[in-house]
Amino acid sequence: MSRIKILMMVVSGLFMMIGIITMVSAGAEAAPLNEDSVPAFYQDIIQVENPDSLSVLVNKNYSLPEDYEPDDLVFLEVPLYNNDKNNEANYLRKEAADALKELFTAAKKEGYELIARSGYRSYATQASLYERYVEQDGVEAADTYSARPGHSEHQTGLTIDVTSDTVHGGLTELFGETEEGKWVAENAYRFGFIVRYPQDRTAETGYQYEPWHLRYVGVQAATEIYQDQLILEDYVLSVMNRTRFLWD
């Protein structure tokens, strides 16, 4: 077979592969999950098999093992609400911690001062918090703003609650209305973070709007989630599943 024919076959194969990837990508622009596709919360719970994955889905139907603790937690090098190395909330997995430092640095360069309030949280700590909230407000109310033990993203070491002095260091919806909160919402994806519980998707996430709650998923995933206005459930359960053959 001549070199020219071989070259033509290779080029043809490349164009065919590009076409397949383009069609898959177009199909992967999934519409948001509708209410019929969302399972009842805290029923038919699945324990995740990939707790160390940056895209691990942890919610009211996907749980982490009780004994799961990331092995690469590092102390955060950003302004902290409570600067204490004995406070587990001041730790994140290294990749997320490095990205958070870059995010905070970029924000400061543009005149926005941010504060990291709560990062990693163990299963035991979440159990204690949830129990307290239930005693205070009842199960139904507590479930709108607090995860049951094993179902908290904070246990992944990839989640951080951020705030600012403009809201007195509080975790409040008002943060989303501040200049700092607006900057975070518009720029977090550039550093691999998403606002995990947006205002218009509470029926699907099961949580109230939390403009302070950032989840690290990596720049590529965060960019796609931000640009296509997805939530993590959309991305993991729909987009990733549709394109999985590309990396399996």
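Atom OG of residue S63 and atom CZ of residue R148 lie 12.0 Å apart, to the nearest 0.5 angstrom. Remark: E95 CD to D72 CG distance equals 9.0 Å, nearest 0.5 Å. The CD atom of E131 sits 11.5 Å away from the OG atom of S146 when rounded to the nearest 0.5 Å. Rounding to the nearest 0.5 Å gives a distance of 6.0 Å between CG of L100 and CG of L92. Here the OH-NE2 distance, from Y62 to H151, works out to 12.0 Å after rounding to the nearest 0.5 Å. The CZ atom of F191 sits 7.0 Å away from the CD atom of E102 when rounded to the nearest 0.5 Å.
Side-chain atoms of S128 do not come within 3.5 Å of backbone N or O of T125 as any donor-acceptor pair. Side-chain N or O atoms of S152 include none that pairs as donor or acceptor with a backbone N or O of P149 at under 3.5 Å. When atom types are taken as modelled, the side chain of R93 and the backbone of L54 share no donor-acceptor pair closer than 3.5 angstrom. Proximity of a side-chain donor or acceptor of Q155 to a complementary backbone N or O of P65 within less than 3.5 Å is detected. T163 contributes no side-chain N or O that, together with a main-chain N or O of I115, makes up a donor-acceptor pair within less than 3.5 Å. Judged by distance alone, with hydrogens and angles left aside, the side-chain atoms of D44 form no donor-acceptor pair with the main-chain N or O of N61 at under 3.5 Å. At distances below 3.5 Å, at least one donor-acceptor pair connects side-chain atoms of Q126 with backbone N or O atoms of A147. Using a distance-only test at 3.5 Å, with no hydrogens or angles considered, no donor-acceptor pair links the side chain of Y120 to the main chain of P70. In this structure, the side chain of N90 engages the main chain of D84 through a donor-acceptor pair within 3.5 Å. Panel note: side chain T223, backbone V219; a donor-acceptor pair is recorded below 3.5 Å.
For the 3.5 Å distance criterion, the side chains of D161 and Y81 fail to qualify, holding no donor opposite an acceptor.
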Please determine whether salt bridge (charged side-chain N to carboxylate O under 4.0 Å, His left out) holds for the pair R201 and D234, giving the CA-CA distance in whole Å, both sets of side-chain angles, and the decisive distance to 0.1 Å.
CA-CA 11 Å; R201 305 297 295 275; D234 295 328; 3.0 Å; yes
Under the side chain to side chain contact (heavy atoms under 4.5 Å, CB included) criterion, do L114 and L103 qualify, and how do the steps go?
CA-CA 9 Å; L114 299 173; L103 186 155; 3.7 Å; yes
Evaluate the criterion side chain to side chain contact (heavy atoms under 4.5 Å, CB included) for residue pair F41 and N59; output intermediate values, then yes/no.
CA-CA 9 Å; F41 295 135; N59 61 17; over 6 Å; no
Given the rule in the side chain to side chain contact (heavy atoms under 4.5 Å, CB included) test, do N83 and F75 qualify, once you have shown the distances and angles that lead to the verdict?
CA-CA 10 Å; N83 194 340; F75 190 73; 3.5 Å; yes
Yes or no on side chain to side chain contact (heavy atoms under 4.5 Å, CB included) for F175 and V184, after CA distance, side-chain angles and deciding distance?
CA-CA 10 Å; F175 176 69; V184 167; 4.3 Å; yes
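Among residues at least two apart or in separate chains, ring pair (Phe, Tyr, Trp, His ring centres under 6.0 Å) pairs with a member in residues 198-217 are H154-H213, F193-Y216, Y197-Y207, Y197-H213.
Remark: E173 CD is packed, more than 12 non-hydrogen atoms of other residues, nucleotides or ligands lying under 6.0 Å away. Counting heavy atoms of neighbouring residues, nucleotides and ligands inside a 6.0 Å radius, atom CD of E140 does not exceed 12 of them. For D165, the CG atom counts as loosely surrounded, since its 6.0 Å shell holds 12 or fewer non-hydrogen atoms of other residues, nucleotides or ligands. The local environment of CD in E49 is sparse, with at most 12 non-hydrogen atoms from other residues, nucleotides or ligands closer than 6.0 Å. Atom CD of E77 has 12 or fewer heavy atoms from other residues, nucleotides or ligands within 6.0 Å.
Ring geometry, Y112 versus W183: the interplanar angle falls from 30° to 60°, so the pair is classed tilted.
In the hydrophobic clustering (ILVMFWY side chains linked at under 4.5 Å, chained through shared members), Y130 is joined by V134, V139.
Taking a cutoff of 4.0 Å between a charged side-chain nitrogen and a carboxylate oxygen, R196 and E233 qualify as a salt bridge.
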